[in-house]
Amino acid sequence: MSFAELWAELLPLGRDERTGGYRRYSWTDADAACRAWFARTATGLGLRTDCDRNGNLWAWWGWPGEHAAIMTGSHLDSVPDGGAYDGPLGVVSAFAAIGRLRDDGFRPARPIAVAAFTEEEGARFGVACLGSRLLTGAVDPATARQLRDRDEVSLAAAMRGAGRDPGLLGRDDDLLANLGACVELHIEQGSMLADLDAAVGVADGIWPHGRWRLDFTGRPDHAGTTRLPDRRDPMLPFAATVLAARAAAEERGALATVGKVAAEPGAANAISATVHAWLDARAPDDATLAGVVGDVWTTAQQQAARHGVQVARTQESVTPAVTFDSRLRDRVVAVLGAAGRPAPVLATGAGHDAGVLAGRIPATMLFVRNPTGVSHAPAEHAEPADCEAGVAALATVLADLAGQ
Ligand code: HGY
Ligand code: MN
Ligand code: MN
């Protein structure tokens with residue numbers, strides 16, 4: 001099947017009609033529909049499919065064992081009202097590239113595996129790249145089983161509800177031993193390729209980044225009768241903390257965002273009891289990231305004390321700086337150049353499963369041009385011709401890496 005046909009089949013799954021965004025959260029009905037699409041597509045290509053102990057999906061061209069596989073793919077889950085391309089572009093392109101190699105009569109000397117990692121966005125259970133972190137042992141399985149979504153459903157319960165055994169979660173060295181290298185294709189989540197007038201780029205590294213939950217606990221009371229000096233309003237230190245995040249990012253040349261907040265109990269005419277806020281921070285190096293988070297935390301504590309509010313901080317996930325394997329990167333750049341597809345090398349502030357796997361196996365990424373740079377939003381887009389260029393580039397790279 002062509003890229004366009006595969007893309008069209010996946011496109012309606014998990015799409016919210018009102019916003020036009022995707023709500024593909026792990027272990028939900030939308031996720032199950034995406035998983036069924038993955039299995040159907042892989043089977044149609046004659047690939048053997050498998051779900052690993054951590055819920056990640058695999059499709060194998062050739063048998064793992066004698067030679068370590070070249071793995072590609074990405075993820076199918078989304079942020080709330082995410083775009084169509086972040087994740088799925090890498091999975092669809094992987095299947096399309098394999099179809100193209102098959103049609104060209106290519107016979108891999110080493111296996112090729114397509115992966116779809118679970119909960120890459122951490123949109124339901126809070127930990128980004130949860131599936132690849134569990135696979136590599138970067139997350140403790142007992143802790144992961146206890147993660148809870150906004151309705152207090154644990155990951156263990158959600159997996160059981162989807163027919164999976166959460167008792168099997170954890171580092172999987174046998175599977176990792178079958179993987180020789182990772183090449184994840186992804187839409188660019190910025191506009192560097194558009195500025196460079198290039199359809200496809202190669203990743204150099206990923207900025208260190210992480211997310212932290214801040215819980216401000218005050219005293220709920222009446223909005224119309226409580227005198228201002230008597231209030232312990234958690235909204236006030238929260239608001240100061242949002243502004244501090246912006247200031248710290250500006251001062252240190254970093255990025256900091258509070259994109260999610262929940263005030264409880266949430267009455268318009270009452271002072272809140274608690275405010276939960278999530279800080280996402282990213283920086284060019286680990287020390288700068290620590291500086292930003294330290295600045296924000298200092299303000300949160302000072303402002304909480306000033307307003308008689310308690311504040312607590314929980315680190316939900318942190319990924320240190322990733323520098324992708326330079327030999328693999330150079331080889332990919334050379335192979336694409338030789339094929340008449342020159343690809344510039346880019347760094348990114350967005351996190352990826354390839355960045356987690358890079359700690360265990362040589363990894364690299366291909367980026368596909370995003371004309372506006374918008375991502376994590378319904379307007380995220382890539383032109384069909386650029387998607388085809390991505391498939392061609394991925395097929396070229398896979399033929400090189402799996403051909404000997
Ligand atoms: O949030 C990220 O950086 C990625 O898009 N998951
Ligand atoms: Mn994303
Ligand atoms: Mn992604």
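Hydrogens, waters and symmetry mates play no part in the numbers below; they use all other heavy atoms, side chains included. Note that ligands are numbered from 1 as they come in the structure, with each ligand's atoms numbered from 1 the same way.
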**Under 4.0 Å from ligand 1, counting heavy atoms only: the protein residues, by chain and number** =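 Only Asp86, Glu120, Glu121, Gln189, Arg282, Ala350, Gly351, His376 have heavy atoms that fall under 4.0 Å of ligand 1, ordered by chain and number.
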
**Prompt:** What's the shortest heavy-atom distance between Val368 and Gly390, and which atoms?
**Reply:** CG2-CA, 3.9 Å

**Request:** For the residue pair Trp60 and Trp58, categorise the inter-ring angle as parallel (less than 30°), tilted (30 to 60°) or perpendicular (more than 60°).
**Result:**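 Correct class here is parallel.
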
**Item:** Check: Arg145 and Leu155 side chains under 4.5 Å, non-hydrogen atoms
**Value:**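 No, every pair of side-chain atoms sits at 4.5 Å or beyond.
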
**Message:** Do Tyr22 and Tyr85 have side chains that approach each other closer than 4.5 Å (heavy atoms only, starting at C-beta)?
**Reply:** no

**Prompt:** Below 4.0 angstrom, N of the basic side chain to O of the carboxylate: do Arg53 and Asp165 qualify?
**Reply:** no

**Asked** Would you call Arg18-Asp81 a salt bridge at under 4.0 Å N-O?
**Response**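 The answer is no: the pair does not qualify as a salt bridge.
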
**Request:** Kindly indicate whether a cation-pi arrangement holds for Arg35 with Trp27, taking the cut-offs as under 6.0 Å to the six-membered ring centre and within 45° of the axis.
**Result:** yes

**Prompt:** Around atom CZ of Arg246, are there more than 12 heavy atoms of other residues, nucleotides or ligands at under 6.0 Å?
**Reply:**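 12 or below, so no.
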
**Request:** Anything protein N/O/S under 2.8 Å from the Mn ion (ligand 3)? Just list residue and atom, please.
**Result:** His75 NE2, Asp86 OD1, His186 NE2

**Prompt:** Have Glu119 and Ser26 got a donor and an acceptor in their side chains that come within less than 3.5 Å?
**Reply:** yes

